[in-house]
Novice: 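Before anything else, here's the structure in question.
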Amino acid sequence: MNRSVHPAGVAAGCQFASDNTAGSCPEAWDAMARANEGCVPSYGDDPWTGRACDAIRRVFECDADVFFVFNGTAANSLALAAACQSYHAVVCHELAHVETDECGAPEFFSNGTKVLTAPGEHAKLTPAAVAHVVERRRDIHYPKPRVLSITQATELSTVYTPAEVVGLAEVCRAHGLVLHMDGARFANAVAALDVPPRAITWEAGVDVLCLGGTKNGAGVGEAVVFFRRALAHEFAWRCKQAGQLASKMRFLTAPWVGLLDGDAWLRHARHANAAAARLEEGLAGVAGVEILGRRQANAVFARLSPGLAAGLRARGWRFYDFIGAGGCRFMCSWATTDADIDALLGDAAAVAADV
Ligand SMILES: *Cc1c(COP(=O)(O)O)cnc(C)c1O
């Protein structure tokens, strides 16, 4: 195992593998503990769920319809299904989580809607790329594009600026597409851009956002936020049928109160982004490392010499070879400490000196 040790004495080798290796942040955990007191109505008719909805509306400065589900795959696929008929298509980037990491759930929950992918640098779509996919076929024999899905922050840790979201929304309006945002790391995007959340969502033309809680610091739970409220028609039934209606809903919603009241969500996201910046700077100085991409959020992508990657893994470090970048991905979270980063960098330097 590597030499770095967490305060609890747990080896930290897996932690850069994903932001999901982190536990629940103290604010979410504390809210869970407070929500555990007494009896409250079930299935969402409880005060915690009301407070969580209000907190999300406050953060977005608008009167959205809000639903809570267990994970991001459910949030994305149910939101997409709500916008699509079975003969429709969802346009997304070829690296999009909805295409590569959801086991066909978007197609499954929409009863056959096809996912159509487009390429784009740094995991970002351009208006021209979207227009190309939509315009190349318009005949009755091809599924009809109905949704554009973009990821914010992207799978390669880049972000769309407000102007870029507006540009994509204009293509959507021109072609009658709904604009869906996969915001599993939405907090990291807000932190990176330093803009109000509304500036990259409804104000820019986003119709529905899947807002990530888990990677941000909750133990479990994502929110589906409908800015175009007509899309939320009968969504509660869709969630229930998909097994996504929590009976003790307060445990899914209290963490949101903990995250959002007092702005822990943004503090944690800024921390994760800063940790990635620190790690990136350190890795850039290690022999055998080439930093890849244009990191703006909380993941570092780097090409490691084979000996270095193997040596780090032999010391217990876990990280993914990432499909998109042809390199390794190191993910930071709210829980990443300077000591964790220094331990990884120390091992990298030691292995690099040996190979
Ligand atoms: C993690 C992630 C999700 C959600 O994944 P689940 O494992 O289903 O919670 C969705 N989109 C992106 C881009 C992600 O990174």
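We number each residue from 1, following the sequence as shown. Remember, it's 1-based here, ligands and their atoms both numbered in the order they're listed.
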Novice: Counting both backbone and side chain atoms, is some N or O of Ala184 under 3.5 Å from an N or O of ligand 1?
Specialist: no
Novice: Around atom 5 (O) of ligand 1, find the nearest protein heavy atom and jot down its residue, atom name and distance.
Specialist: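 The protein heavy atom lying closest is His97 CE1, 3.4 Å.
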Novice: Can Arg250 and Asp45 be counted as an ion pair, charged N to O under 4.0 angstrom?
Specialist: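 So Arg250 does not pair with Asp45 through a salt bridge.
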Novice: If I take atom CH2 from residue Trp48 and atom CE from residue Met249, how far apart are they, to the nearest 0.5 angstrom?
Specialist: 15.0 Å
Novice: How far is atom 11 (N) of ligand 1 from its nearest protein heavy atom, and which residue and atom name does that atom have?
Specialist: Asp182 OD2, 2.6 Å
Novice: Between Arg51 and Asp261, is the closest basic N to carboxylate O distance under 4.0 Å?
Specialist: yes
Novice: Whether the His180 and Asn76 side chains hold a donor-acceptor pair (N or O, under 3.5 Å, no angle test) is what I'd like checked.
Specialist: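 The answer is yes; a qualifying pair exists.
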Novice: Considering only heavy atoms, which of Glu222, Met331, Lys215 lies nearest to atom 2 (C) of ligand 1?
Specialist: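 The residue whose heavy atom sits nearest atom 2 (C) of ligand 1 is Lys215.
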Novice: Which ligand 1 atoms, with their elements, are less than 4.0 angstrom from a heavy-atom of Thr73?
Specialist: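 This gives 6 (P), 8 (O) as the contact atoms.
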Novice: Show your reasoning for whether salt bridge (charged side-chain N to carboxylate O under 4.0 Å, His left out) applies to Arg294 and Glu121.
Specialist: CA-CA 10 Å; Arg294 296 227 188 110; Glu121 274 208 307; 5.5 Å; no
Novice: Does only the side chain of Glu155 get under 4.0 Å from ligand 1, or the backbone, or both, or neither? Count heavy atoms.
Specialist: side chain
Novice: Ion pair present between Glu164 and Lys124, side-chain N to carboxylate O less than 4.0 angstrom?
Specialist: yes
Novice: For ligand 1, which part of Thr151 has a heavy atom less than 4.0 Å away: the side chain, the backbone, both, or neither?
Specialist: side chain
Novice: Looking only at heavy atoms of Arg185, does any of them come nearer than 4.0 Å to an atom of ligand 1?
Specialist: yes
Novice: With distance as the sole test, does Gln152 use its side chain to make a donor-acceptor pair with the main-chain N or O of Tyr160 at under 3.5 Å?
Specialist: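 Such a contact is found between Gln152 side chain and Tyr160 backbone.
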Novice: Please report whether ligand 1 has a polar contact with Asn20, defined as an N or O pair separated by less than 3.5 Å (distance criterion only).
Specialist: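 Such a contact does not occur with ligand 1.
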Novice: Is the closest N or O pair between Glu102 and ligand 1 shorter than 3.5 Å?
Specialist: no
Novice: Please work out whether any backbone atom (N, CA, C, O) or any side-chain heavy atom from C-beta onward of Asn76 is under 4.0 Å from ligand 1, and answer side chain, backbone, both or neither.
Specialist: side chain
Novice: State the atoms of ligand 1, each with its element, that fall below the 4.0 Å cut-off from a heavy-atom position in Gly72.
Specialist: 4 (C), 6 (P), 8 (O), 9 (O)
Novice: Does the distance from a Lys or Arg side-chain N to an Asp or Glu carboxylate O, for Arg313 and Asp321, drop under 4.0 Å?
Specialist: yes
